[in-house]
Number of protein chains: 4
Amino acid sequence: MSPLNKQQLDQIRDERKEQIKQAALKIFACRGITGTKMSMIASEAGISEGLIYRYFKSKDELFTDLVIELMEEAGKEIGNLQHSPESPFDQIRTLTQSMLDENNKYAFRLILQARKADKVPEKVGQFLDQYSEKVLIDRLVPVLIKGQQAGQFSEGDPRELLSWYFTVVNSLIMQELGIEKYGLPDTDVLMRILSR
Amino acid sequence: MSPLNKQQLDQIRDERKEQIKQAALKIFACRGITGTKMSMIASEAGISEGLIYRYFKSKDELFTDLVIELMEEAGKEIGNLQHSPESPFDQIRTLTQSMLDENNKYAFRLILQARKADKVPEKVGQFLDQYSEKVLIDRLVPVLIKGQQAGQFSEGDPRELLSWYFTVVNSLIMQELGIEKYGLPDTDVLMRILSR
Amino acid sequence: MSPLNKQQLDQIRDERKEQIKQAALKIFACRGITGTKMSMIASEAGISEGLIYRYFKSKDELFTDLVIELMEEAGKEIGNLQHSPESPFDQIRTLTQSMLDENNKYAFRLILQARKADKVPEKVGQFLDQYSEKVLIDRLVPVLIKGQQAGQFSEGDPRELLSWYFTVVNSLIMQELGIEKYGLPDTDVLMRILSR
Amino acid sequence: MSPLNKQQLDQIRDERKEQIKQAALKIFACRGITGTKMSMIASEAGISEGLIYRYFKSKDELFTDLVIELMEEAGKEIGNLQHSPESPFDQIRTLTQSMLDENNKYAFRLILQARKADKVPEKVGQFLDQYSEKVLIDRLVPVLIKGQQAGQFSEGDPRELLSWYFTVVNSLIMQELGIEKYGLPDTDVLMRILSR
DNA sequence: CATGAATGAGAGTTCATTCAT
DNA sequence: AATGAATGAACTCTCATTCAT
């Protein structure tokens with residue numbers, strides 16, 4: 001009888017926006033930005049194509065917003081790691097598992113998709129350039145060194161070792177899911193890369 | 001001035017076809033099938049766009065033909081491995097290096113690109129499903145077991161270990177080149193995955 | 001708390017309708033029918049987009065209704081002129097000034113916008129075809145002739161002279177406002193067109 | 001049997017480009033940039049929509065290119081006037097007639113359409129800002145003054161008088177063609193605006 | 001055989017109009 | 001009566017594929 005009030009409308013908008021983001025994340029992560037059609041996102045979200053444009057100015061903006069948001073979340077999560085009471089080995093183990101976990105995988109894949117995109121919007125580009133370097137490696141160098149001193153990791157340039165390790169982890173995240181009969185490697189097996 | 005004879009024409013056709021394949025391989029491998037435009041291939045091959053269609057019915061067929069041919073070659077090459085006098089460790093080492101080598105990388109990347117493609121023609125699909133399994137793993141299981149007996153590799157299900165290892169190697173092949181500061185991991189470091 | 005009675009509801013309806021028309025006039029006059037978005041009108045009127053459709057079936061109908069109403073008003077106003085005690089020269093002068101006056105300009109511009117519109121509804125079309133002719137020229141021919149006899153205007157076919165004059169005035173009305181450094185020409189300067 | 005040679009292809013391209021420009025000019029001039037659909041231009045030119053994009057990057061670029069080219073031509077033409085041996089009155093008379101001439105009308109209308117466009121591409125904006133003012137008025141001020149001294153024109157600020165006069169001429173150019181029964185005013189009648 | 005001009009199906013985007021509340 | 005979320009037709013633009021030469 002009466003129009004919805006402001007609060008209710010805000011809630012609807014928030015829900016829709018989240019719904020679109022979830023759908024977009026799922027498709028973008030699997031197929032990259034060019035491989036994703038707006039119609040796929042709309043259909044995944046169960047809405048019409050046109051509606052997406054009431055929430056995001058363009059496909060590019062949707063992609064960009066998503067990537068930035070997820071990178072900020074990922075950054076925070078990794079930041080928390082530093083205050084963890086775990087041993088260096090277990091810290092990296094936990095991080096690795098969280099990166100390869102089904103639940104987070106879409107997010108990390110999206111970030112990595114962004115790195116491959118042809119013309120990444122400027123704003124994303126800046127984040128991306130420093131993603132592995134700043135967000136992952138810089139923060140983990142002290143952890144790795146501590147672990148080396150404790151004899152948990154192999155000797156050698158810590159930056160190089162970490163760069164190689166996360167090159168592997170990142171590339172695994174990008175793998176299509178469920179192709180391999182045995183799935184993704186066990187974390188402990190992966191971490192042998194860091195061992196002596 | 002005089003018309004070319006049949007043999008000469010065949011030779012031109014073969015050369016052209018090879019030229020197109022080389023160009024296509026380079027671009028497909030880097031950008032995937034959807035990211036590649038026929039104009040890019042034509043330009044890389046130094047020919048006109050229309051000419052490609054005299055040699056290949058469609059973009060899809062060009063892609064498919066390429067993948068199948070490269071998979072067959074790769075299969076042969078891996079087959080040769082079995083008659084190698086090297087130690088099991090060195091056999092896998094050599095294979096790994098050859099897969100990650102700049103020269104072969106395009107080929108392997110293309111094959112892996114095919115696994116991500118949307119509607120892979122049936123014929124390719126069959127090959128692909130069993131690519132790692134049949135071509136790589138089956139042939140290497142005996143090698144690995146021999147290495148395990150010699151104490152060069154860690155214990156555990158050989159098929160699982162190999163599947164995991166090549167999941168890592170394959171995913172590295174797919175990585176965009178030259179993003180990481182330290183490049184791809186050293187082969188010896190990668191092979192720690194197989195070590196105890 | 002108690003429901004509004006019929007009379008009050010009617011009043012609200014009338015006010016709303018007027019409010020929408022005013023907003024529409026302002027935007028249509030400036031931007032033409034294709035350049036105007038319903039959202040602009042709604043925003044100018046301070047109401048929601050959907051509400052417009054309770055008062056007007058479509059954008060086209062809103063435009064049409066507006067044009068017809070304004071043409072009828074303009075017709076009356078010009079009709080009044082004939083009973084004016086002013087001299088023929090001053091009558092046309094007054095009319096010209098009123099047509100170019102900021103306050104009336106929107107109305108006249110809208111009418112002229114209608115002439116350029118693509119698919120003007122039949123009803124408007126009929127009015128428009130004869131707008132200058134019937135509403136303006138026919139009524140002013142006697143005035144002009146009187147002025148010619150008094151030596152105020154140049155000789156020549158009165159219909160042709162008036163048609164040319166109002167072609168100029170009309171086209172000036174359509175000019176975007178405030179582009180020219182010196183603004184629109186002074187009425188007296190314009191009226192030289194009618195002079196000898 | 002053999003492909004067309006370079007010269008022939010260049011000719012085809014030039015012809016097509018000209019053909020598209022002519023069609024675009026005709027439609028843009030009548031309907032403005034937003035009122036013109038690419039399909040209209042394609043259909044007017046007798047080609048497919050897609051083909052336009054091999055010659056112009058976008059609708060905006062097509063419009064811009066057209067406007068700039070025509071403005072440059074118009075500028076030259078007006079520049080030539082200064083070396084004319086005609087009397088000041090006849091110079092302006094000739095210019096007026098050329099502006100209102102059916103053949104040139106499209107061009108002038110397009111330029112004026114550009115002034116009304118919502119978001120004129122930057123490049124066009126710069127030209128346009130100075131078009132009336134610089135190109136026309138500046139060059140004609142000396143002519144008008146000479147005419148005033150010869151008693152051919154009314155007294156008063158020459159810039160103001162010219163600005164008013166060309167405001168009228170420009171606005172007439174924008175008029176839809178062939179609406180008025182008597183057509184556009186005779187040049188000599190128009191020029192009474194400049195007379196005393 | 002070879003070219004690149006030309007086409008048309010399909011993708012991204014806008015906006016008048018409808019509908020649930 | 002009023003809102004603004006939702007839809008879908010239409011428009012701009014891209015690119016695999018065809019065709020005239």
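Computed from heavy atoms alone, side chains included, the values below leave out hydrogens, waters and symmetry copies. So you know, we letter chains A, B, ... as the sequences are listed, proteins then strands, and number each from 1. Computed from a predicted structure; not experimentally measured.
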Side-chain N,O (D:Y53) to OP1/OP2 (F:dT14) below 4.0 Å: no
Distance, rounded to the nearest Å, where C:I41 contributes CD1 and F:dT3 contributes C1': 17 Å
Under 3.5 Å donor-acceptor, B:K59 side chain and B:I33 backbone: yes
OP1 or OP2 of F:dG4 under 4.0 Å from side-chain N/O of A:R13: no
Sugar-phosphate, base or nothing in reach of D:I52, heavy atoms under 4.0 Å: nothing
Whole-Å distance separating the CD atom of A:Q19 from the P atom of F:dA5: 14 Å
Sugar-phosphate, base or nothing in reach of B:F56, heavy atoms under 4.0 Å: nothing
Rounded distance (Å) that lies between atom P of E:dT13 and atom NZ of A:K59: 8 Å
Interatomic distance, A:L51 CG vs E:dT17 C1' [rounded to whole Å]: 15 Å
Side chain B:K57, main chain B:R54, donor-acceptor under 3.5 Å: no
Rounded distance in Å - CD (D:Q7) to P (E:dG4): 15 Å
Rounded interatomic separation in angstrom, taking CD1 from D:I47 and P from F:dA20: 17 Å
Sugar-phosphate, base or nothing in reach of A:T36, heavy atoms under 4.0 Å: sugar-phosphate
Sugar-phosphate, base or nothing in reach of A:R54, heavy atoms under 4.0 Å: base
Distance (rounded to the nearest 0.5 Å) between D:L70 CG and D:Y106 OH: 13.0 Å
Earlier contact from the 5' end, DNA chain E, for B:R16 and C:K37: B:R16
Whole-Å gap separating C1' (F:dA1) and NZ (C:K17): 15 Å
Over-ring placement of C:K21 relative to C:Y55, 6.0 Å and 45° cut-offs: no
Watson-Crick or G-U wobble mate for F:dA20, both contacts under 3.5 Å: E:dT3
For E:dG8, the Watson-Crick or wobble counterpart (both distances under 3.5 Å): F:dC15
Any donor-acceptor pair under 3.5 Å from A:Q19 side chain to A:A45 backbone: yes
Comparing C:S58 and A:G50 on DNA chain E - which has the more 5′ nearest nucleotide: A:G50
Residue met sooner reading DNA chain F from 5', once C:Y55 and D:T34 are mapped to nucleotides: C:Y55
Length of the line joining B:E61:CD and F:dT17:C1', which is rounded to integer Å: 14 Å
5' priority, DNA chain F, between D:M38 and C:E49 [closest heavy atom]: C:E49
